[in-house]
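Since the structure comes first, as C-alpha cells, the remarks are kept for the end.
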Amino acid sequence: MKVLLQHNALNVEEWLEQHYLDGNGIVYTFLDKQTCQPPEEALFHDTGPRKNVWDFSVEGFSRSEVAAYENCGMCTGSYLQALLFRYRVEKDSVALDRAGRCFRALCYIYELGKQFEEGFFPKIYGNRFSYETSTDQVLYTVMALDKFYEYAAPQEQAAIRVMIPNMVMFWVKRNYRYTYFGRQDMQWPLVRFPSLLLLAYQYSGTEKFRKEYDRLLAQGLTREPEYTTIARRKKPDDYEFKHGAWLINGMADSFTMDVIELDYLLTNDSRNRLYPAWKESVLEIWNDAKLTLAPNGKYYTQVWVDLKTGEIRRLPCGEEDSYQPGVESGWSTMIVRGAVTAAKYYPGNEIIKNAVIKVLRSLGIKDLTYYDEPDRLLPEYRFKTRFLSGDSITNWLWAYWQGRYQNLITETE
C-alpha cells in the first residue's frame, strides 16, 4: 500500500521538532548523521589544519559551533515558510503556533545583531554574536517575515515593519559591500538586491529604497539570472573547453536564491516592462537545475553537459585540477522547492511535477543530507558527508506544503 506524502510530511515535521531546534527555536544547520545531535568537535577529527578548509573555520569559534548555525536564517526562514503553507492547506493551529516560534527565533537573531548595528543579521555561531553574515541569510529571513505578516499579532507586525527596512538599509548604506570570510569589503552581486529593495519600500515607504530599486533595474541587472544559464552562454571557458562540456556547479544555492528573488518581482511588480524577462529567467534556470537531479532523488553538486551531445556526465575522481569533483547531496529538496515556485508561472509542466514528487518520495529523513559519496572527496573534506542538513529537511517540507497549496501535489499523492 502506498504511503501518502502527507503522512511522510507530518513525520518529517515531528522529527525536525524533536531533533533540529535549539532552545530559542532556531533550526540547526547541521546534525551529526550518526548521533542525530548537533555536531561535536570529534566529527572534524581528520579535517587537517584550519587554514586548508576555509568553510566551517571562523576565528573565535569551533568548527562544531560554526556547523550548527552557519545557515541559521535560511533554515529557520525555510521552516517558517513551510509551516505557513501547511497552515493554509490544513488550518492546523499547531502549524501556526510553530510558525510564531520561528518568527521569535528570527527576532532573537536580529536582536543579537544590534551588538554591531541595527539591521545587522548575523550568523550566530555557538549561539553567540559574530560579524559574519550573508545575503542568502537576509533573503530567506525577510521573505519569511513578509509571509508571516498577515498572520502576525499587531505588535509582531510592528516589529516586522522595523526589521525588514533596517535589514535592507544595512546593505544600502554600505553600497552593498561587506567583508565575507576574510574577503575585505567584498562587493556582493547587485542583482540580489532589487527584490530586497522593493520589499523594504513596501514596508517603509522610504523613497531611497524605491530610487535604489529603479537605479539597479536601469542597469539591466535583472534581465537574466544571476548565475548565467547554458541557454545564454556563447562559448565555454578554458576549463569547460578542456572537458568538452558545460559545467553546472552549486545549483541548489543559486537556483533557489534566483527563484525567490524573481518570484517576488513577478508577484509585486507585475506591470514592469521586465516582467517577460523575469518569467523567462525562471524557466531558464529550472532547465539547468533539473539536469542536476540524480536518478535516486538526490542532487549532484556538479555535473557536466557535453557540448556536442547534451549528455550529462560527472567528472571522474582524481582529476588534477578538481579538488572536489561533485558529489550527491540531499539538497535536491532545495531544487524541487524552487521548482514548485517555478510551476506558478508554468502550470501544467509535467516535468516539474514529476521531479518534485520523485524527490519527495525518494528521500527519507536519513537521506536529507549535506554531502554524500566521501570517496569522491579529498580526505580533509570528507567530514562534509557526516551531516544531516537543516536546509534539506526544511526545504522538503516547504516543497511539499507549497506544492499542496498550489495543487501541484494532490492530497492522494
Side-chain angles (χ1 to χ4, degrees), residues 77 80-81 84-85 88-89 135-136 138-152 157 160-161 164-165 167-168 171-172 189-229 231-232 254-289 336-349 351-353 356 398-399 401-408:
L80 174 51
Q81 295 244 34
L84 290 178
F85 277 114
R88 291 167 185 160
V89 171
T135 50
D136 50 3
V138 172
L139 175 68
Y140 277 71
T141 296
V142 296
M143 293 301 176
L145 295 177
D146 174 53
K147 294 297 190 297
F148 182 68
Y149 188 85
E150 68 177 289
Y151 303 101
Q157 291 181 333
I160 292 170
R161 290 195 299 271
I164 290 177
M167 289 172 70
V168 178
W171 293 89
V172 175
L190 295 180
V191 68
R192 298 183 184 180
F193 292 98
S195 62
L196 298 178
L197 291 163
L198 183 59
L199 176 65
Y201 175 73
Q202 293 189 341
Y203 275 90
S204 68
T206 301
E207 281 301 315
K208 184 174 181 62
F209 290 130
R210 183 73 202 195
K211 289 178 180 177
E212 275 294 286
Y213 175 71
D214 291 338
R215 182 179 75 85
L216 294 186
L217 290 192
Q219 294 181 27
L221 295 172
T222 62
R223 289 183 180 275
E224 59 185 61
E226 175 184 348
Y227 298 91
T228 306
T229 62
R232 294 179 186 262
S254 54
F255 174 55
T256 50
M257 280 195 294
D258 271 352
V259 168
I260 290 173
E261 293 157 1
L262 289 165
D263 180 45
Y264 191 81
L265 297 177
L266 287 163
T267 302
N268 293 280
D269 197 7
S270 59
R271 295 185 178 181
N272 195 295
R273 60 185 177 82
L274 291 171
Y275 185 97
W278 295 337
K279 183 178 176 183
E280 179 64 21
S281 289
V282 169
L283 184 61
E284 281 189 10
I285 52 181
W286 159 246
N287 284 337
D288 276 14
V336 297
R337 188 266 298 165
V340 172
T341 300
K344 291 169 57 177
Y345 304 101
Y346 296 94
N349 188 314
I351 295 176
I352 292 178
K353 176 182 174 66
V356 172
W398 186 356
W401 288 113
Q402 184 177 347
R404 282 286 307 279
Y405 180 72
Q406 293 174 197
N407 295 316
L408 183 71

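Heavy atoms only, all atoms of each residue included: Val340 and Gln406 are closest at O-NE2, 2.9 Å. The shortest non-hydrogen separation linking Ala399 to Arg337 is CB-CA, 3.7 Å. Scanning both residues, Arg232 and Ser281, for their nearest heavy atoms gives NH2-OG, 3.9 Å. Taking every heavy atom of both residues into account, Leu197 and Phe209 meet most closely at O-CB, 3.7 Å. Taking each heavy atom of Ala339 and Trp286 in turn, the nearest pair found is CB-CZ3, 3.6 Å. Across all their heavy atoms, Gly338 and Val259 have their closest contact at O-CG1, 3.7 Å.
Summarising the geometry, atom CZ belonging to Arg161 is positioned 13.0 Å from atom CG belonging to Leu145; distances are rounded to the nearest 0.5 Å. The distance from atom OH of Tyr201 to atom OH of Tyr213, rounded to the nearest 0.5 Å, is 11.5 Å. If you take OH on Tyr227 and CG on Asp258, they are separated by 7.0 Å, rounding to the nearest 0.5 Å. Between the CG atom of Leu265 and the CD1 atom of Ile260 there is a distance of 12.0 Å, given to the nearest 0.5 Å. One distance of note links CG of Leu274 with CG of Asn272; it measures 4.5 Å at 0.5 Å rounding. Between the CD atom of Gln81 and the CZ atom of Phe85 there is a distance of 6.0 Å, given to the nearest 0.5 Å.
For the residue pair Tyr345/Asp263, the side-chain donor-acceptor check at 3.5 Å is satisfied. Checking Trp278 against Thr222 by side-chain atom types alone, a donor-acceptor pair falls below 3.5 Å. Under the 3.5 Å distance criterion, with hydrogens and angles disregarded, a donor-acceptor pair is assigned to the side chains of Glu284 and Thr229. With no hydrogens or angles considered, no side-chain donor-acceptor pair links Asp146 and Tyr264 at under 3.5 Å.
Under a cutoff of 6.0 Å and an axis angle of 45°, Lys279 and Tyr346 form a cation-pi pair.
Counting non-hydrogen atoms of neighbouring residues, nucleotides and ligands closer than 6.0 angstrom, the CZ atom of Arg223 reaches no more than 12 such neighbours. Counted within 6.0 Å of NZ on Lys353, heavy atoms from surrounding residues, nucleotides or ligands total more than 12; the atom is thus considered enclosed. Residue-environment remark: OH (Tyr149) exceeds the threshold of 12 foreign heavy atoms within 6.0 Å.
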Next on the checklist: Set out, in order, the CA-CA distance, both residues' side-chain angles and the distance that settles side chain to side chain contact (heavy atoms under 4.5 Å, CB included) for Thr135 and Phe193, then state yes or no.
Outcome noted: CA-CA 9 Å; Thr135 50; Phe193 292 98; 3.7 Å; yes
Checklist entry - Does the side chain to side chain contact (heavy atoms under 4.5 Å, CB included) test come out yes or no for Tyr151 and Leu84, once each step is laid out? => result CA-CA 9 Å; Tyr151 303 101; Leu84 290 178; 3.7 Å; yes
Item to check | Residues Met257, Leu139; criterion side chain to side chain contact (heavy atoms under 4.5 Å, CB included); working and verdict | outcome: CA-CA 8 Å; Met257 280 195 294; Leu139 175 68; 4.0 Å; yes
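Residues Thr341 and Leu262 have side chains not in contact (no heavy-atom distance under 4.5 Å, counting atoms from C-beta outward). No side-chain heavy atom of Ile352 sits less than 4.5 Å from a side-chain heavy atom of Val336. No side-chain heavy atom of Val142 sits under 4.5 Å from any side-chain heavy atom of Tyr203. Between Thr267 and Lys344 the shortest side-chain heavy-atom distance falls below 4.5 Å. The shortest distance between side-chain heavy atoms of Leu199 and Val168 does not fall below 4.5 Å. In this structure, Gln202 and Pro165 have side chains that are not in contact, with every pair of non-hydrogen atoms separated by 4.5 Å or more. With a 4.5 Å cut-off on side-chain heavy atoms, Lys147 and Arg88 count as touching. Looking at Tyr140 and Thr256, their side chains come closer than 4.5 Å, going by heavy atoms from C-beta outward.
The pair Arg210-Glu207 does not count as a salt bridge, with every side-chain nitrogen at least 4.0 angstrom from each carboxylate oxygen.
Using a distance-only test at 3.5 Å, with no hydrogens or angles considered, a donor-acceptor pair links the side chain of Ser204 to the main chain of Thr206. Glu261 places no side-chain N or O within donor-acceptor distance of the main-chain N or O of Ser195, the cut-off being under 3.5 Å.
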